[in-house]
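Shown next, in structure tokens, is the structure this report addresses.
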Amino acid sequence: MSTVTLSSGYEMPVIGLGLWRLENNELKDVILNAIKLGYRHFDCAAHYKSEVDAGEAFAEAFKTGLVKREELFISTKIWNSDHGYVVEACKNSLKKLQLGYLDLYLVHYPLPTRHNAIGQTASLLGKDKVLDLDVTISLQQTWEGMEKTVSLGLVRSIGLSNYDLFLTRDCLAYSKIKPAASQFETHPYFQRDSLVKFCLKHGVLPTAHTPLGGAAANHDMFGSISPLDDPVLNDVAKKYGKTVAQICLRWGIQRKTAVIPKSSKIQRLKENLEVFEFELSHEDMEVINSIDRKCRASLPSKTWGLDVYA
């Protein structure tokens, strides 16, 4: 498994398994199968409501000797409603995951909202049906809480998720511990070249969530279009004898982003790891670079009553 060294000094595998939208009843088997296939990086979040099931899978993997804790890189994320309770939320996630420490803890969104209860990640709407934002908590305060999780030994590396270039720049200015990684949507239809370049220049590993554009799931949920149907990508895939998904992941890795695809199917899990077996030519990288539609596929704003990317 190819890894990259984070600014914190720790190694992170450049491909991980995202656990969003995996059904809880299948999660344990998916994680154990993925470990057997060679996955060593798992991306969780409090908001996915699957930390307990993931924790059971990790505990079984350690107990049976399938893998040692130090061989896995496990990340999770603090939800919007817990920005004022970072350490407590982190401890809650660790308890559910049955872990002594996290390899990476991320701020899921730069968006503090009304607090509910620790780990209860409802996106609470106000009477106007609009997301109830908490304007009393600054993102600097949130980050200070993240830094505390490191000093307490709960977390090895901390990072960002769904931050734009400006907010990432701000975090670099006020942080005592720099963000080691920044996870955001990027794929051939939403390339975000400037954000990728900015992160790389400043020692923040850009990490692609939704590296395949969310495929049918995002189309069904948000009505967005998928790059997997793109004729240019299909032509490139035929040229290399690979799937379009493999081309998208390989393109992401070659532009120096880590990638976190999601799948529950054994064959696709295997295929996703096979992206280290080939390399795209410079010409084909440029061809893929030319199909950017600046088209976001993941649109949570549709249920929040306001466009948080405005």
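Below, all heavy atoms of this structure are taken into account, side chains as well, without hydrogens, waters or symmetry copies.
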Would you please say whether a donor-acceptor pair under 3.5 Å links the side chains of [X] and [Y]?
X: Y240; Y: D284; answer: yes
X: N92; Y: K96; answer: yes
X: S81; Y: Q120; answer: no
X: H83; Y: T142; answer: yes
X: E185; Y: T210; answer: no
X: H209; Y: N162; answer: yes
X: H115; Y: D82; answer: yes
X: Y189; Y: D230; answer: yes

Problem set entry | Minimum heavy-atom distance between E279 and Q254, given as atom pair plus value | CG-OE1, 3.2 Å

Seminar exercise, completed: Shortest non-hydrogen pair, S175 vs K178, comes out as OG-CD, 3.2 Å

Exercise. Between atom OG of S2 and atom CD of E11, what is the distance when rounded to the nearest 0.5 Å?
Worked result: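 One gets 9.5 Å once the value is rounded to the nearest 0.5 Å.
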
Exercise. Which value, rounded to the nearest 0.5 Å, describes the distance between S226 atom OG and H187 atom NE2?
Worked result: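 NE2 of H187 is found 8.5 Å from OG of S226.
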
Exercise. Just by modelled atom types, is the S75 backbone N or O under 3.5 Å from a matching donor or acceptor in the Y105 side chain?
Worked result: no

Problem set entry | F190 backbone acceptor or donor facing T186 side chain under 3.5 Å |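 Yes: the side chain of T186 pairs with the backbone of F190.
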
Problem set entry | W20/D43 under side-chain hydrogen bond (donor to acceptor under 3.5 Å, both in side chains): CA gap, chis, key distance, verdict | CA-CA 8 Å; W20 187 38; D43 181 66; over 6 Å; no

Exercise. Salt-bridged, K197 to D193, with N to O below 4.0 Å?
Worked result: yes

Problem set entry | Geometric cation-pi criterion, R156 with F73: 6.0 Å, 45° | no

Problem set entry | F198 six-ring centre to R169 NZ/CZ under 6.0 Å and within 45° of normal | no

For this session: Could you go through the side-chain hydrogen bond (donor to acceptor under 3.5 Å, both in side chains) check for Y109 and K77 one step at a time?
Result: CA-CA 9 Å; Y109 277 93; K77 310 177 193 74; over 6 Å; no

Exercise. Within a radius of less than 6.0 Å around OH of Y85, do more than 12 heavy atoms belonging to other residues, nucleotides or ligands occur?
Worked result: no

